[in-house]
Amino acid sequence: MPRRDDPQIGLGKAIRALRHKAQLSQEALGERAEIHATWISHIESGRINPTWGNVRRIASGLKVELRDLAALAEQLEREHGTR
């Protein structure tokens with residue numbers, strides 16, 4: 001699996017935070033989003049960047065609006081200086 005040059009750390013942190021808030025395991029989110037739990041792990045850790053389609057599926061699996069996921073990702077990137 002290739003490492004991306006520009007990991008989306010804020011997005012991974014946002015997904016992890018929302019997953020924890022929803023009290024979901026990576027496996028449960030993976031089932032809801034129809035994405036293997038290993039990929040959820042890699043996305044959360046910033047090892048890979050998800051496709052737009054997978055971001056939409058993850059937001060749906062988390063039962064959040066895509067704009068809310070994006071806003072949290074932006075906030076976390078600003079707070080942690082990852083941009």
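Computed over heavy atoms, backbone and side chain alike; hydrogens, waters and symmetry mates excluded.
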Subject >> From Gln26 atom CD to Ile35 atom CD1, the distance as rounded to the nearest 0.5 Å >> reply: 12.0 Å

**OP:** Please name the pair of heavy atoms, one in Leu11 and one in Pro50, separated by the smallest distance, quoted to 0.1 Å.
**Re:** CD2-CG, 3.7 Å

Original post:
From Ile15 CD1 over to Asn54 CG, what is the distance, rounded to the nearest 0.5 angstrom?
Top reply: 9.5 Å

Original post:
Closest heavy-atom contact between Leu69 and Val55?
Top reply: CD2-CG1, 4.1 Å

Subject >> Between CD on residue Gln75 and NE2 on residue His80, distance to nearest 0.5 Å >> reply: 8.5 Å

Subject >> Residue list, salt bridge (charged side-chain N to carboxylate O under 4.0 Å, His left out) with Arg57, at least two apart or on another chain >> reply: none

Original post:
Arg19 and Ser25: side-chain donor and acceptor closer than 3.5 Å?
Top reply: no

Subject >> Contact check, side chains of Glu79 and Leu76, non-hydrogen atoms, under 4.5 Å >> reply: yes

Original post:
So which heavy atom on Leu29 is nearest to which on Gly61, and how close?
Top reply: CD1-C, 3.8 Å

Original post:
How about Lys13 and Glu44: do any of their side-chain heavy atoms sit closer than 4.5 Å?
Top reply: no

Original post:
Taking only residues two or more places apart in sequence or in another chain, which ones pass side-chain contact (heavy atoms from CB on, under 4.5 Å) with Arg32?
Top reply: Leu24, Lys63

**OP:** Would you mind reporting whether Ile43 and Ile58 have side-chain heavy atoms less than 4.5 Å apart?
**Re:** yes

Subject >> For the student: nearest non-hydrogen atoms of Ser45 and Ile9, plus distance >> reply: O-CD1, 4.3 Å

